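Not measured: the values here are computed from a predicted model. If you read the sequence from its start, that first residue is 1, and numbering goes on from there.
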Amino acid sequence: QLQLVESGGGLVQPGGSLRLSCAASGFTLDYYAIGWFRQAPGKEREGVSCISRSGGRTNYADSAKGRFTISRDHAKNTVYLQMNSLNPEDTAVYYCAATSRLIGLCVLSPRGYLEVWGQGTLVTVSS
């Protein structure tokens with residue numbers, strides 16, 4: 001069974017940092033592009049960042065540029081999202097998703113990731 005498990009969410013004060021992890025079980029992430037998405041209450045799910053299979057290509061939503069960094073560790077079969085300078089607008093459930101259908105690139109649309117989704121991890125930014 002293919003599974004993605006997110007972790008690292010929690011409560012953080014404005015200006016703080018968190019590192020989210022997306023770990024795979026049942027398959028290797030080497031052949032998958034990975035996307036990070038978030039969904040705040042009452043809002044649609046939106047793309048935050050993504051990374052290509054090799055890690056050579058990354059994309060960021062405008063809201064994430066300069067603050068978030070995506071990376072992958074092939075040895076640990078895990079993708080990370082380092083989030084700095086967090087603000088209350090970043091409060092959401094964060095999901096990671098994988099697709100084998102993108103080679104050499106990644107996209108920020110949730111519709112590009114139809115194969116595997118994690119269950120999400122909650123990030124709350126509040127004082």
Side-chain angles (χ1 to χ4, degrees):
Q1 185 178 1
L2 309 184
Q3 284 189 321
L4 292 174
V5 179
E6 303 94 336
S7 61
L11 175 63
V12 62
Q13 292 187 341
S17 298
L18 284 174
R19 188 178 78 158
L20 304 184
S21 299
C22 172
S25 64
F27 68 111
T28 176
L29 289 179
D30 290 359
Y31 305 105
Y32 290 79
I34 305 298
W36 279 101
F37 304 87
R38 67 186 182 187
Q39 188 165 19
K43 295 187 177 182
E44 292 187 356
R45 189 169 298 187
E46 63 176 358
V48 176
S49 183
C50 65
I51 189 166
S52 62
R53 287 184 177 188
S54 68
R57 295 285 296 272
T58 58
N59 286 323
Y60 296 91
D62 288 344
S63 60
K65 288 178 181 176
R67 301 188 300 130
F68 294 3
T69 303
I70 191 170
S71 62
R72 64 191 306 159
D73 186 329
H74 291 281
K76 294 184 178 180
N77 211 24
T78 300
V79 173
Y80 303 99
L81 184 68
Q82 177 68 44
M83 305 189 297
N84 299 328
S85 302
L86 287 163
N87 58 63
E89 289 70 38
D90 296 315
T91 295
V93 177
Y94 284 71
Y95 302 88
C96 63
T99 181
S100 61
R101 302 182 183 185
L102 296 175
I103 301 174
L105 75 159
C106 65
V107 297
L108 291 176
S109 170
R111 290 174 293 180
Y113 300 81
L114 300 179
E115 295 167 74
V116 190
W117 281 81
Q119 82 291 345
T121 185
L122 177 62
V123 172
T124 302
V125 184
S126 175
S127 55

| request: Identify the two heavy atoms, one from Trp117 and one from Pro110, that lie closest to each other, and give their separation to 0.1 Å. | output: CZ2-O, 3.7 Å
| request: For residues Val48 and Met83, determine if any side-chain heavy atom of one lies less than 4.5 Å from a side-chain heavy atom of the other. | output: no
| task | Look at the side-chain heavy atoms of Ile, Leu, Val, Met, Phe, Trp and Tyr, link any pair under 4.5 Å apart, and say whether Leu18 and Ile51 land in one connected group. | result | yes
| message | Less than 4.5 Å apart, side chain to side chain, heavy atoms only: is that true for Val79 and Cys96? | response | no
| task | For the residue pair Glu115 and Thr99, confirm or rule out a side-chain donor-acceptor distance under 3.5 Å. | result | yes
| Shortest non-hydrogen contact between Ser52 and Gly104, atoms and distance | CB-C, 4.0 Å
| message | Quick check: do Asn87 and Pro14 have side-chain heavy atoms less than 4.5 Å from each other? | response | no
| Got a donor-acceptor contact below 3.5 angstrom from the Arg53 side chain to the Ser100 backbone? | yes
| Hydrophobic cluster identity match, Leu122 and Phe37, side-chain contacts under 4.5 Å | yes
| query | Closest heavy-atom contact between Asn84 and Ser17? | reply | OD1-OG, 2.9 Å
| said: Does any part of the side chain of Asn59, heavy atoms only, come nearer than 4.5 Å to the side chain of Val107, both counted from C-beta? | reply: no
| said: Under 3.5 Å, is there a donor on one side chain and an acceptor on the other for Ser71 and Gln82? | reply: no
| Is it true that Trp36 and Phe68 have ring centroids separated by less than 6.0 Å? | no
| Atom pair NZ (Lys65) and OG (Ser49), whose distance is rounded to the nearest 0.5 Å | 10.5 Å
| request: Give the cluster check for Val123 versus Tyr95: same hydrophobic cluster or not, with ILVMFWY residues linked at side-chain heavy-atom distances below 4.5 Å. | output: no
| query | Do Leu11 and Ser126 have side chains that get closer than 4.5 Å, going by heavy atoms? | reply | yes
| request: Measure across Tyr32 and Ala98 and return the closest heavy-atom pair with its distance rounded to 0.1 Å. | output: CD2-CB, 3.7 Å
| query | Linking I/L/V/M/F/W/Y whenever any side-chain heavy atoms sit under 4.5 Å apart, do Leu29 and Ile70 land together? | reply | yes
| Distance from Thr124 atom OG1 to Leu86 atom CG, nearest 0.5 Å? | 11.0 Å
| note | Between Gln119 and Leu4 the two heavy atoms that sit nearest each other are OE1-O, 3.5 Å
| message | Could you tell me if the side chain of Tyr94 sits less than 4.5 Å from the side chain of Glu6, heavy atoms only? | response | no
| task | Over all heavy atoms of both residues, which pair between Lys43 and Gln39 is shortest? Give the atoms and the distance, please. | result | O-NE2, 3.1 Å
| Verify same cluster id: Tyr113, Leu108 (apolar side-chain graph, 4.5 Å) | no
| query | Roughly how far, to the nearest 0.5 Å, is CZ of Arg72 from CG of Asn77? | reply | 8.5 Å
| query | Is the NZ or CZ atom of Arg19 positioned over Tyr80's six-membered ring, under 6.0 angstrom from the centre and within 45° of the axis? | reply | yes
| said: Under the side chain to side chain contact (heavy atoms under 4.5 Å, CB included) test against Arg38, which residue among Thr121, Asp90, Val93 passes? | reply: Asp90
